Amino acid sequence: QVQLVESGGGLVQAGGSLRLSCVASGRTFSRNTMAWFRQAPGKEREFVAAIDWVGGTTYNAVSVKGRFTISRDNAKNTVHLQMSSLKPDDTAVYYCAATGLTLRPISTGAYNYWGQGTQVTVSS
């Protein structure tokens with residue numbers, strides 16, 4: 001089992017920045033692929049960014065490329081999502097997710113473990 005706890009959400013004006021963090025506990029964190037997904041009201045959960053267990057390969061949704069950066073610190077069992085140039089369309093609950101090795105790092109169904117989510121609200 002892996003337990004995931006997100007933090008760092010909040011209210012920010014358009015153009016601003018936030019940094020989300022996710023602390024993992026339980027099974028060996030360093031071997032997991034980690035990701036961030038988000039879900040806006042009335043919409044399906046969608047992929048945002050993912051990072052492999054080494055931290056050398058990252059994946060980003062087209063909608064956030066160039067604005068969001070995912071990173072991880074295996075020594076602290078933590079994954080971060082640095083969000084810049086935020087837009088009102090980025091408003092959603094952001095979820096941290098973990099899985100083992102996967103060939104589908106952008107797929108919701110590939111992830112076994114999920115956090116409770118943290119709310120991000122971007123005002124115009």
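All heavy atoms count here, side chains included; hydrogens, waters and symmetry mates do not. In this text, all values refer to a predicted model and were calculated from it rather than measured experimentally.
Grouping the Ile, Leu, Val, Met, Phe, Trp and Tyr side chains by contacts below 4.5 angstrom, directly or via other members, places W114 apart from V48. Linking ILVMFWY side-chain heavy atoms closer than 4.5 Å, directly or via other members, places L4 and L20 in a single hydrophobic cluster. Clustering ILVMFWY residues whenever any of their side-chain heavy atoms sit less than 4.5 angstrom apart, transitively, puts Y94 in the very cluster that holds Y113.
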If you look only at distance, which donor and acceptor atoms sit under 3.5 Å apart when one is on a side chain in residues 79-87 and the other is two or more places apart or in another chain?
from : atom 1 : to  : atom 2 : distance (Å)
H80  : ND1    : S21 : OG     : 2.9
H80  : NE2    : R19 : NH2    : 3.4

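Two residues are said to be in side-chain contact when any heavy atoms from C-beta on lie closer than 4.5 Å; T57 and I51 fail this criterion.
Within the model, atoms CZ of F47 and OG of S107 stand 10.0 Å from one another, a figure rounded to the nearest 0.5 Å. Atom CZ of R72 is separated from atom CD1 of I70 by 8.0 Å, given to the nearest 0.5 angstrom. Rounded to the nearest 0.5 angstrom, F68 CZ and L18 CG are separated by 9.0 Å.
Q13 pairs by the side chain to side chain contact (heavy atoms under 4.5 Å, CB included) definition with S123, not counting sequence neighbours. By the side chain to side chain contact (heavy atoms under 4.5 Å, CB included) test, E46 is found to be paired with R38, residues two or more places apart in sequence or in another chain being considered. Under the side-chain hydrogen bond (donor to acceptor under 3.5 Å, both in side chains) criterion, T121 pairs with Q119, sequence neighbours left out. With sequence neighbours left out, the side chain to side chain contact (heavy atoms under 4.5 Å, CB included) criterion links T99 to T33, T102, Y111, N112.
Sorted by first and then second residue, the salt bridge (charged side-chain N to carboxylate O under 4.0 Å, His left out) pairs with a member in residues 111-124 form an empty list; sequence neighbours excluded.
Taking each heavy atom of Q39 and K43 in turn, the nearest pair found is NE2-O, 3.1 Å. Contact between Q116 and Y95 at its shortest, heavy atoms only, is O-CE2, 3.4 Å. Here the closest non-hydrogen pair linking M34 and C22 is CE-SG, 4.5 Å. The heavy-atom pair separating A24 from V2 by the smallest distance is CB-CG1, 4.3 Å. Minimum heavy-atom separation, A92 to A40: CB-N, 3.8 Å. Of all non-hydrogen atoms in N60 and A49, the two that sit nearest each other are OD1-CB, 3.6 Å.
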Side chain to side chain contact (heavy atoms under 4.5 Å, CB included) between E6 and W36, worked out: CA-CA 10 Å; E6 304 100 332; W36 289 93; 3.8 Å; yes
Stepwise side chain to side chain contact (heavy atoms under 4.5 Å, CB included) check, D90 with V120: CA-CA 8 Å; D90 295 319; V120 172; 5.5 Å; no
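No donor-acceptor distance shorter than 3.5 angstrom exists from the side chain of T78 to the backbone of V23, with no hydrogens or angles considered.
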